[in-house]
Amino acid sequence: MKYKEISEELFSFIEKSPSMFHTILTTKNILEENGFTYLPEGKVWNIQKGGCYYTTRNHSSVIAFKIGNKLDDYHFQLSAAHSDSPTYKIKNVSELEGPSEYIRLDVEAYGGMIDSSWFDRPLTIAGRVLIKEDNKIENRLLYIDKDILMIPNVAIHFNREVNNGYSYNRQVDLCPLFSAGELKKGDFDKMIADELNVDPSQILGKDLFLVNRQQPVIWGYRDEFISCPKLDDLQCAFASLKAFINGKNEHAINIYCCFDNEEVGSNTKQGAMSTFLYDVLRRIHTGLAKTEDEFFQAIAKSFLVSCDNAHALHPNHPEKSDVINRNYMNKGIVIKESANQKYTTDAFSRALFTEICNKAQVPVQYFANRSDMVGGSTLGNLSNTQVSMHAVDIGLPQLAMHSSYETAGIKDTAYAIKALEHYFNSNIIIEEAEGIMIHD
């Protein structure tokens, strides 16, 4: 496999996606380059067999779908990833003046990041700004492609205990430095206005986030690692998108989902717990002139692959992982399971996806948390609260999850693309929870 080429393509995708809004724009551009038609939620949908379509919500979530020509066993085969990553959101009233001529920015945490990983590195901002233009309010994306911010550490001379463990106060310690005197109060909004070629008075609202500017790298003497911001979860968003576009299935409806707000619980109008997926499935169903009962039959025969990265065994702290249900970089896709149902995987769905990986000749690993540690959750079980179907949680093994700069294996993106492409190419026939047929 062309691991370096795929990694460079992943890096390009991530660099074009500095915020969740940019992630969806990048995804839209790729979909349109591959012949997909945009269906706005607020307009009539005209769809037909053999068509390729997509829709968005809030410009931060997207669902794309390919409709098979035959649909002789009418059902949906889905993947889901998320467009957001942990970072800091800039408050609407942004500028903190002083001490002296300093100007800092007032930020708050978005998600559960590792605070210390954001210090002493070049930062910028990205997101969306709502602009009044004549009698219309317009959405504009913003990314300032320049190092403009830094969160400086306190020198060890003033914080002698920092290496013995230090608890950062986000209201005090995490305020990015914007200026030491060259800029004045009001210049933050003026900077945004200049970047968008508007007057500051036209700015009516903004959702802006800090962005780590550190460049992605392939590293290791044998080029075995990749490191990059936002691997969780843009690595899976990229891999599942590429597999979805390459996949061909005449017998089912293939669906790609990328939801916003997973890092803050998914309980938003565009998150995995929203009605977005249900609404899209219903509109597809209605557009194909199917009956109400056929919808419920289709859902019962459908399958979801929830794609969100997994924890690799840490080289310095192997004790943090389960004794045997542990994962390694460059050793393949991880199937995640939890007795407390934080993941959707059960024996039925694990068997199905393991067989997909076997058929694709992709190595597969299994993850479970230590029995005395509580793990995180992801979007599969949350989306199932709106549309319940058989589902499996998978991910790619990585280190330093929720750091501003994360590490993974160079081979695993390619493994995910290969396995998920095989999934989208297969006609999966589910008989309740009794049996499965996978036709290549």
Side-chain angles (χ1 to χ4, degrees), residues 1-19 22-23 26-27 29-30 81-87 113-114 116-124 126 143 145-147 211-243 245-246 258 307-317 326-334 357 360-365 367 394-421:
M1 295 186 193
K2 298 178 180 179
Y3 301 123
K4 283 190 177 181
E5 287 185 21
I6 291 173
S7 295
E8 294 293 349
E9 194 176 345
L10 168 65
F11 292 163
S12 176
F13 180 85
I14 291 175
E15 288 183 306
K16 292 174 183 175
S17 306
S19 75
H22 291 83
T23 300
T26 302
T27 302
N29 290 340
I30 293 171
H82 63 88
S83 60
D84 60 325
S85 298
T87 181
M113 71 289 294
I114 300 174
S116 60
S117 68
W118 285 84
F119 285 84
D120 304 321
R121 62 184 69 219
L123 306 172
T124 188
Y143 172 61
D145 190 10
K146 183 178 182 179
D147 304 333
V211 178
N212 176 15
R213 294 268 292 167
Q214 191 168 348
Q215 296 298 300
V217 292
I218 295 170
W219 62 279
Y221 190 66
R222 300 285 186 188
D223 294 329
E224 58 187 303
F225 303 108
I226 60 172
S227 289
C228 187
K230 299 177 180 288
L231 286 176
D232 175 26
D233 186 37
L234 296 192
Q235 188 179 17
C236 280
F238 166 79
S240 54
L241 176 63
K242 196 168 179 67
I245 287 172
N246 293 340
C258 190
C307 308
D308 197 1
N309 269 5
H311 300 290
L313 181 75
H314 197 285
N316 297 331
H317 289 282
R326 48 176 52 178
N327 311 122
Y328 304 88
M329 293 177 288
N330 293 318
K331 300 296 184 183
I333 288 179
V334 176
C357 290
Q361 297 183 316
V362 169
V364 62
Q365 310 179 74
F367 173 83
I394 70 166
L396 301 180
Q398 69 162 91
L399 296 172
M401 186 178 288
H402 288 198
S403 171
S404 72
Y405 201 72
E406 301 166 320
T407 292
I410 196 169
K411 296 180 181 179
D412 292 319
T413 309
Y415 285 145
I417 294 169
K418 187 177 181 184
L420 288 167
E421 187 172 330

List the atom pairs, donor and acceptor, that lie under 3.5 Å between side-chain atoms in residues 8-16 and the rest of the protein, sequence neighbours left out.
| from | atom 1 | to | atom 2 | distance (Å) |
| --- | --- | --- | --- | --- |
| Glu9 | OE1 | Lys242 | NZ | 3.3 |
| Glu9 | OE2 | Lys242 | NZ | 2.9 |

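No donor-acceptor pair closer than 3.5 Å links the side chain of Asp147 to the backbone N or O of Leu123. Although no hydrogens or angles enter the test, the distance criterion places a donor-acceptor pair under 3.5 Å between the side chain of Ser85 and the main chain of Asp232. A donor-acceptor contact shorter than 3.5 Å is absent between the side chain of Asn309 and the backbone of Met401. For Ser404 (side chain) and Ser117 (main-chain N/O), a donor-acceptor pair under 3.5 Å exists by modelled atom type. Formation of a donor-acceptor pair under 3.5 Å by the Asn327 side chain with backbone atoms of Ala312 is not found in this model. Between the side chain of Asp233 and the backbone N or O of His82, at least one donor-acceptor pair lies under 3.5 Å.
Side-chain contact between Phe238 and Ile417 is present, with heavy atoms from C-beta onward closer than 4.5 Å. Side-chain contact between Leu396 and Val334 is absent, with no heavy-atom pair separated by less than 4.5 Å. Considering only heavy atoms from C-beta on, Glu224 stays 4.5 Å or farther from Met329 through its side chain.
Closest approach of Val211 and Pro18 over heavy atoms only: CG2-O, 3.5 Å. Closest approach of Asn212 and Tyr405 over heavy atoms only: ND2-CD1, 3.8 Å. The two atoms that bring Arg121 and Trp118 nearest to each other are CG-O, 3.9 Å, heavy atoms only. Shortest non-hydrogen contact noted between Gln235 and Gly409 is NE2-O, 4.5 Å. Among all heavy-atom pairs drawn from Cys236 and Asp308, the shortest one is SG-N, 3.9 Å. Looking at every heavy atom in both residues, Ala239 comes nearest to Thr413 through CB-O, 4.2 Å.
For His314, the ring pair (Phe, Tyr, Trp, His ring centres under 6.0 Å) criterion is met by His317, not counting sequence neighbours. Annotation: salt bridge (Lys or Arg N to Asp or Glu O under 4.0 Å) contacts of Lys146 (sequence neighbours excluded): none.
With values rounded to the nearest 0.5 angstrom, Thr407 atom OG1 is found 8.5 Å from Ile226 atom CD1. Expressed to the nearest 0.5 Å, how far NE2 of His311 lies from CZ of Arg326 amounts to 14.0 Å. The line from CG of Leu313 to NZ of Lys331 is 12.5 Å long, rounded to the nearest 0.5 Å. Separating the CG atom in Leu231 from the CD atom in Gln398 is a distance of 5.5 Å, to the nearest 0.5 Å. For the atom pair CD1 of Ile333 and CG of Leu420, the computed distance is 5.5 Å after rounding to the nearest 0.5 Å. The CD1 atom of Ile245 sits 8.5 Å away from atom OG1 of Thr27, with the distance rounded to the nearest 0.5 Å.
Under a 4.0 Å N-O distance rule, the pair Asp145/Arg213 qualifies as a salt bridge.
Ring geometry for His22 against Tyr143 counts as perpendicular: the plane angle is over 60°, on a 0 to 90° scale with 30° as the lower cut.
With Ser7 as the fixed residue, the side-chain contact (heavy atoms from CB on, under 4.5 Å) test singles out one of Val217, Asp223, Ile410: Ile410.
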